[in-house]
Amino acid sequence: MSLKKTFSKDKSKCSVTFTVSAEAAQGAKTVNIAGDFNSWSSTDTPLKKGKDGSFSVKLDLDVDKEYQFRYLLDGYKWENDWKADKYIPAPYSNADNSVVVTKPAKK
């Protein structure tokens, strides 16, 4: 799993590519991402399956924010991103949520 961030030249937007590796997908047929950026919808943001068995999606997010999210494999198994920026306890379960931080690095 990984998060790849690219900032616009004026640093007003951050494009984040969320990737679930083939190993992490554990043979899943579908992977969706749910989080603060899509009102925690488990169906609105599907990841596209690559030839190598990984899944990915690119989202444009506002900068200087933190977004909680999780992946949903095959509609029933929740997974965190193994390389998230940090983790926060989920308010409605005994699990953690992954967090992506969209703050540009200072030069």
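Nothing here was measured: the structure is a model prediction, and the numbers come from that model.
Taking every heavy atom of both residues into account, Asp81 and Thr19 meet most closely at OD2-O, 4.2 Å. Across all non-hydrogen atoms, the minimal contact from Tyr71 to Ser2 is OH-O, 4.4 Å. Scanning all heavy atoms of the two residues, the minimum distance from Ala28 to Asp74 falls at CA-OD2, 3.3 Å. When all heavy atoms are compared, the tightest approach of Thr17 to Ser56 is CG2-CB, 4.3 Å. Scanning all heavy atoms of the two residues, the minimum distance from Thr30 to Gly75 falls at OG1-N, 4.2 Å. The two residues Phe37 and Leu61 make their nearest non-hydrogen contact at CB-CD2, 3.7 Å.
At a cut-off of 3.5 Å, with distance as the only test, no side-chain donor of Ser42 or Asn32 sits close to an acceptor on the other residue.
Here Phe69 and Phe18 bring their ring centres to under 6.0 angstrom of each other.
Both Leu3 and Val20 are part of a single hydrophobic cluster, where members link through side-chain heavy atoms under 4.5 Å apart. Hydrophobic clustering (side-chain heavy atoms under 4.5 Å, transitive across Ile, Leu, Val, Met, Phe, Trp, Tyr) keeps Tyr87 apart from Val101. Cluster membership check: Ile88 does not share its hydrophobic cluster with Val16, using side-chain heavy-atom separations under 4.5 Å among Ile, Leu, Val, Met, Phe, Trp and Tyr. Residues Trp78 and Val99 fall into different hydrophobic clusters, defined by Ile, Leu, Val, Met, Phe, Trp and Tyr side chains chained together at heavy-atom separations under 4.5 Å.
Here Asn38 contributes atom CG and Leu59 contributes atom CG; the two are 8.0 Å apart, rounded to the nearest 0.5 Å. Note that the CG atom of Leu72 and the CH2 atom of Trp40 stand 11.0 Å from one another [nearest 0.5 Å]. Expressed to the nearest 0.5 Å, how far CD of Glu23 lies from OG of Ser54 amounts to 12.0 Å. Between Arg70 atom CZ and Gln68 atom CD the span is 10.5 Å, to the nearest 0.5 Å.
For Lys4, there are no salt bridge (Lys or Arg N to Asp or Glu O under 4.0 Å) partners, not counting sequence neighbours. Under the salt bridge (Lys or Arg N to Asp or Glu O under 4.0 Å) criterion, Lys5 pairs with Asp85, sequence neighbours left out.
For the pair Lys86 and Glu66, the salt-bridge criterion is met [side-chain N within less than 4.0 Å of a carboxylate O].
For the pair Asp44 (side chain) and Ser41 (backbone), a donor-acceptor distance under 3.5 Å is absent. Side chain of Thr102 to main chain of Lys65: a donor-acceptor pair is present (N/O by atom type, distance under 3.5 Å, no hydrogens or angles). Here the side chain of Gln26 pairs a donor or acceptor atom with the backbone of Ala24 at under 3.5 angstrom.
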inquiry  = side chain to side chain contact (heavy atoms under 4.5 Å, CB included) for Phe7 and Lys103? Distances and angles first, verdict last.
reply    = CA-CA 9 Å; Phe7 292 91; Lys103 188 167 189 128; 5.9 Å; no
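Looking at Asp64 and Pro104, their side chains come closer than 4.5 Å, going by heavy atoms from C-beta outward. Annotation: side chain of Val57 is in contact with side chain of Ile33 (closest heavy-atom distance under 4.5 Å). Here the side chains of Asp96 and Asn80 are in contact, with some heavy-atom distance below 4.5 Å.
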